[in-house]
Amino acid sequence: MTDTATKESVLKITIIGSGQVGLTWAQALTGSETCDVSLSDPYPPAAATQWAMEVGLSIHPNISEWITSYHLILVCVPGSVLPGVARSLAQHAKPGSIIVDMTTAAAQAKRDGASLATAAGIEYVDIAITGAVALSGVRTPLLYGGARLGVVEELFAAVGAPVRVLPDSQPGDAVTVKLLRSVIMKGLEALALEALPAARAYGVLDQLYAVLSDVDQAPFADLLNSMVATHPAHAARRHAEVLEAAAQLDAVGHPSELTQRVAEKYASTVENTRLLGAPSGPTAEASLNWLDRVAKHHSSQNLTETEVPA
């Protein structure tokens, strides 16, 4: 690792948080001739405690003066506790060290953490994990937001982690993209939880997988753009189809709670086209512009409804 900030032959790395992400990275880096690794966690899970005992690694209970010995700080805590961790790091980490924030904290929490770090002379990078660490370990794809730092990129390259660097980005940008991706991917997951058990109950699970193969024929982004482009014009017909699909789930004893919510979304589009007219054309861009108009319309309505008479 050739970054000018680390002239020592061994890179001193501490990992804050020893849950699945933190423990996975600790296990991958421990034993490397080029890394000296430590862990910090006030409440380490049993798996981390057992592993640390086996390899002879102590787990620091809090962030304090000991952290000044470390140059690279991987933060792998739950997003809700990032603000407190960021304050402790700004207080105790040495100037010139680097915080690699791998949490799923909100973008503003990451921006606030970066501001605290910058004021203390500490670098701050926002890393969003965009896959399943349980499946791919440290080779899970990453999104990189913030200033490009050679020592960080070299670390990821050394363990084989695929990294997509967001251009002209700041801390908070990577997690923003990740959470927008989560709307789509976690939504698909939830719909699969409704559809697949019902498909198996009907005895057509294999056939369902087969007819879904058309999704693989084009890039996923193209499919999404096609859906958005055609949604307003075909919302009424698709609304009726989704209601039929929901009834089919219910009929076999698998509740259609989320599918019913999908039907409501189509019904909302039908009503919005009645109120505001259709998009200017059959393109994804036109539909997105129209959806902006819909959002502004409803936002202004909500403001009007909440006004208190003088």
Side-chain angles (χ1 to χ4, degrees), residues 21 79 102 104 106-107 126-145 156 160-169 172-200 204-239 241-242 244-246 248-249 256-266 268-269 272 278-292 294-295:
V21 174
M102 303 180 75
T104 54
D126 173 19
I127 300 295
I129 302 170
T130 59
V133 173
L135 293 177
S136 304
V138 293
R139 292 181 176 83
T140 305
L142 306 173
L143 283 178
Y144 184 122
F156 293 152
V163 180
R164 182 185 296 273
V165 179
L166 299 179
D168 302 319
S169 58
D173 290 351
V175 77
T176 296
V177 174
K178 172 193 167 69
L179 293 177
L180 289 169
R181 179 184 185 273
S182 294
V183 173
I184 296 170
M185 301 310 296
K186 299 304 187 287
L188 284 174
E189 176 185 327
L191 287 168
L193 294 177
E194 289 194 352
L196 298 188
R200 190 172 68 169
V204 296
L205 182 57
D206 289 342
Q207 293 91 323
L208 175 60
Y209 287 141
V211 299
L212 284 170
S213 63
D214 64 319
V215 175
D216 301 326
Q217 303 308 307
F220 190 52
D222 291 352
L223 174 64
L224 292 177
N225 280 326
S226 175
M227 289 175 173
V228 171
T230 59
H231 173 78
H234 298 279
R237 175 180 59 78
R238 291 173 182 172
H239 174 247
E241 181 180 333
V242 173
E244 291 290 344
Q248 184 167 275
L249 295 178
S256 60
E257 179 182 3
L258 184 57
T259 306
Q260 293 284 357
R261 301 290 84 77
V262 172
E264 290 176 8
K265 188 65 176 178
Y266 283 103
S268 175
T269 296
N272 287 325
S280 60
T283 66
E285 184 67 20
S287 288
L288 290 173
N289 291 338
W290 179 80
L291 288 167
D292 285 342
V294 170

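Residues: numbered from 1 along the sequence shown.
Remark: E264 CD is packed, more than 12 non-hydrogen atoms of other residues, nucleotides or ligands lying under 6.0 Å away. Within 6.0 Å of CZ in R200 there are 12 or fewer heavy atoms belonging to other residues, nucleotides or ligands.
For N272, the side-chain hydrogen bond (donor to acceptor under 3.5 Å, both in side chains) partners at least two apart in sequence or on another chain are S268, H298. With sequence neighbours left out, the ring-ring contact (aromatic ring centres under 6.0 Å, His included) criterion links H231 to Y266. Partners of R164 by salt bridge (charged side-chain N to carboxylate O under 4.0 Å, His left out), not counting sequence neighbours: none found. A search for ring-ring contact (aromatic ring centres under 6.0 Å, His included) contacts involving Y144 returns nothing, not counting sequence neighbours.
The two residues A210 and S213 come nearest to each other via the heavy atoms O-OG, 2.7 Å. Across every non-hydrogen atom of A132 and T140, the tightest pair is O-OG1, 3.5 Å. The shortest non-hydrogen separation linking A190 to L258 is CB-CD2, 3.4 Å. Closest of all the heavy-atom pairs between V175 and A106 is CG1-C, 4.2 Å. Shortest non-hydrogen contact noted between S169 and D173 is CA-OD2, 3.3 Å. Taking all atoms of both residues into account, the shortest heavy-atom contact from A286 to S280 is CB-OG, 3.6 Å.
Within the structure, the side-chain hydrogen bond (donor to acceptor under 3.5 Å, both in side chains) test picks out no pair touching residues 176-191 (sequence neighbours left out). Residue pairs satisfying the salt bridge (Lys or Arg N to Asp or Glu O under 4.0 Å) criterion with at least one member in residues 210-234, sequence neighbours excluded, are absent.
With contacts defined as side-chain heavy-atom distances shorter than 4.5 Å, the pair L142/I129 qualifies.
Taking CG of L193 as the reference point, atom CG of L188 lies at 11.0 Å (rounded to 0.5 Å). Rounding to the nearest 0.5 Å places CG of L179 at 11.5 Å from OG1 of T130. H239 contributes atom NE2, which lies 10.0 Å from atom OG1 of T269 (distance to the nearest 0.5 angstrom). One distance of note links CG of L249 with CD of E194; it measures 6.0 Å at 0.5 Å rounding. To the nearest 0.5 Å, the span separating CG on L205 from CG on L196 amounts to 6.0 Å. Distance CD1/I184 to CZ/F220: 6.0 Å, rounded to 0.5 Å.
Taking 4.0 Å as the cut-off between side-chain N and carboxylate O, R238 and E241 do not count as a salt-bridged pair.
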